[in-house]
Amino acid sequence: MAIASDAQLVAAARRGSDLAFEQLARRHSQALRSFLRGVCRDPAWADDVAQDTLIRAWQRLDQLKDPGAFRSWLFGTGWRLASGDRRAAGRRASREQDWIDTQEQTRPDGISAEDRMALEAAMESLTPDQRACISLCLAGGWSHGEAAQALDMPVGTIKSHIKRGRVRLLAALGESE
Amino acid sequence: MNKEDKLGVFLASDQAPAADPAFMARLDHRMARIRLWTQIRSSAVLAIAIAAVAFGLNRAAGTHLFSWINDLVLGLTSVPGLALATIIVVAAMYLPRILPGHLKV
């Protein structure tokens, strides 16, 4: 049985099929959450934004002009929500321990704790735009054009953000050595 | 491991799990609650519209057209156990769907 394309699933979801939307959500939730984790730097917060993003996409599916561009539209929605989401500092602080615990569990092999901390600090110091571009293109493997469409930025700006962000991240590693 | 590799490993550590039933269950739950509230809202609108029409008909035709409803309601409420049972059944049907922490409709 052929796998339905995003456009086919969007069309079915627009006709009222929740199953079709669920398939879309399953297909893209991992990448969306990974992207938002890169932007938010807090897995719990990122997952909250991912939930809000999927709900908003479900409610506003009729506003999607090109059903084939569902992925870009979804990530763009997530990006806008993450940018506009100014959660209370207290809430984030209460989850600080969860974040630390998660990092302990998922500590990447091959880099020292010192390097990881330096990279984390460097990521935090990047602008949200730079983090979004780094997360989509360097971590997620998106093309510059796709990222430009999702983030609603010119391709040149995307390239510039990636270049500057990458330089700063590598510089952080240099300082830690 | 050179710097590029370290950066790659670090960026890969942001990867979310491929399958996360808890995340999807939470999403399903939120969608179910939204659907339920939408149904309740549309039902309420319909009920108000029907009530308004009935009220208008009653006013137009005189006060005795729907007097049998009054008699029926009075008859039902005169049995205390029946009213209580109705409240319990309605609460059992709808509260689990509305209160947070419960799964799908």
Side-chain angles (χ1 to χ4, degrees), chain A residues 16 18 21-22 25-26 29-41 43 46-48 50-55 57-59 102-103 105-112 115-120 122-123 131 134-141 165-166 168-174 176-177, chain B residues 1-53 89-105:
Chain A
D18 287 338
F21 186 80
E22 193 180 314
R26 284 189 194 283
S29 64
Q30 184 195 10
L32 176 67
R33 292 168 72 195
S34 301
F35 163 62
L36 291 170
R37 284 176 183 210
V39 173
C40 300
R41 310 308 309 156
D47 280 1
D48 284 350
Q51 288 269 338
D52 292 346
T53 303
L54 289 164
I55 291 290
W58 176 56
Q59 291 177 316
T102 306
Q103 286 303 293
Q105 290 162 11
T106 60
R107 175 179 291 177
D109 293 331
I111 59 172
S112 65
D115 284 341
R116 190 168 54 86
M117 285 174 67
L119 282 169
E120 190 56 52
M123 275 294 265
R131 280 202 299 271
I134 294 273
S135 295
L136 273 186
C137 297
L138 286 192
R166 192 170 152 277
R168 286 181 73 170
L169 290 171
L170 291 174
L173 277 176
S176 73
E177 283 175 349
Chain B
M1 187 180 273
N2 62 29
K3 287 184 186 179
E4 290 284 354
D5 292 338
K6 286 180 181 177
L7 179 57
V9 170
F10 173 76
L11 292 175
S13 70
D14 281 332
Q15 189 84 346
D20 189 344
F23 181 85
M24 291 309 296
R26 204 172 127 214
L27 182 67
D28 284 347
H29 181 211
R30 286 187 65 182
M31 287 172 66
R33 287 185 65 191
I34 291 168
R35 271 196 299 270
L36 177 68
W37 279 114
T38 306
Q39 284 170 6
I40 288 174
R41 273 198 297 271
S42 59
S43 300
V45 168
L46 187 65
I48 289 169
I50 289 170
V53 170
V89 167
V90 169
M93 281 175 65
Y94 284 100
L95 279 184
R97 300 178 184 191
I98 296 168
L99 294 176
H102 292 80
L103 283 177
K104 297 182 74 165
V105 177

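Owing to the predicted nature of the structure, the values given are computational and were not obtained by experimental measurement. We name chains A, B, ... by the order of the sequence lines, and we start the count at 1 in each one.
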Please report the interatomic distance CG(B:L7) to CE(A:M123), rounded to the nearest 0.5 Å.
8.5 Å
Taking all non-hydrogen atoms of both residues into account, name the closest pair between A:D47 and B:F23 and its distance.
O-CE1, 3.7 Å
Please report the shortest heavy-atom distance between B:R26 and A:Q51, naming the atom on each side.
CB-NE2, 3.6 Å
Would you compute the distance between atom SG of A:C40 and atom CG of B:D14 and round it to the nearest 0.5 angstrom?
10.5 Å
Using the rule given for side-chain contact (heavy atoms from CB on, under 4.5 Å), can you reason through A:D52 versus B:R30, listing the C-alpha separation, both sets of side-chain angles and the distance that settles it, and then say yes or no?
CA-CA 10 Å; A:D52 292 346; B:R30 286 187 65 182; 2.9 Å; yes
Residue A:A50 versus chain B: region with a heavy atom under 4.5 Å
both
Would you confirm whether A:Q30, through its side chain, and B:A16, through its main-chain N or O, come within 3.5 Å as a donor-acceptor pair?
yes
Check whether A:L119 gets within reach of chain B through its side chain, its backbone, both or neither, counting any heavy atom under 4.5 Å.
both
Whatever's closer than 4.5 Å to a heavy atom in chain A on B:A12 counts as neither
Heavy-atom check, side chain of B:K6 versus side chain of A:S112, under 4.5 Å
no
Kindly compute the distance separating CZ (B:F10) from CG (A:L169), expressed to the nearest 0.5 Å.
7.5 Å
Got a sec, which residues hit side chain to side chain contact (heavy atoms under 4.5 Å, CB included) with A:A25, two or more places apart in sequence or on another chain?
A:F21, A:L54, B:M24, B:L27
For the CD atom of B:Q15 and the CZ atom of A:R37, what is their distance to the nearest 0.5 Å?
9.0 Å
Looking at NZ of B:K3 and CG of A:D115, how far apart are the two atoms once the value is rounded to the nearest 0.5 Å?
10.0 Å
Partners of A:R26 by salt bridge (Lys or Arg N to Asp or Glu O under 4.0 Å), sequence neighbours excluded?
A:E22
Euclidean distance, B:T38 OG1 relative to A:Q59 CD, rounded to 0.5 Å:
7.5 Å
